[in-house]
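This report concerns only the one structure given below.
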Amino acid sequence: MKALIVLLAVLAGVWLWRNGRQKSLVERKRPDERSTPQPDRLQQMVCCPVCGVHLPRSDAQVGRLGLYCSAAHRQQAES
Ligand SMILES: [Zn+2]
């Protein structure tokens, strides 16, 4: 009778150990949430109406009628 109890205890232990291993395997399969690169550094491009060149908005010359590639083209367009 004592041997049967020991056998049941061992089987229960093995069953619990296998359940724990399967759970840890499932957890390992979970995809790691690596941060994807965000295009927040993407610059808005603007087109100069005088020469048609495209340039980043931060580099453009702001005029009354629009955005230009240079101060010379701004003056040329607005004079
Ligand atoms: Zn221009």
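Numbering of ligands and ligand atoms starts at 1, following listing order.
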Protein N, O or S atoms lying under 2.8 Å from the Zn ion (ligand 1), listed by chain and number:
C48 SG, C51 SG, C69 SG, H73 ND1
Mind checking whether [X] and [Y] have side chains closer than 4.5 Å, heavy atoms only?
X	Y	answer
Q61	L67	no
Q44	P56	no
Y68	E78	yes

Could you go through L55 and V53, starting from their C-alpha distance and side-chain angles, then the distance that decides it, and tell me whether this counts as side-chain contact (heavy atoms from CB on, under 4.5 Å)?
CA-CA 7 Å; L55 66 156; V53 78; 4.3 Å; yes
H73 to C69 - nearest heavy-atom pair and separation
ND1-SG, 3.1 Å
Side-chain donor or acceptor of Q76 paired with backbone N/O of V50 under 3.5 Å
no
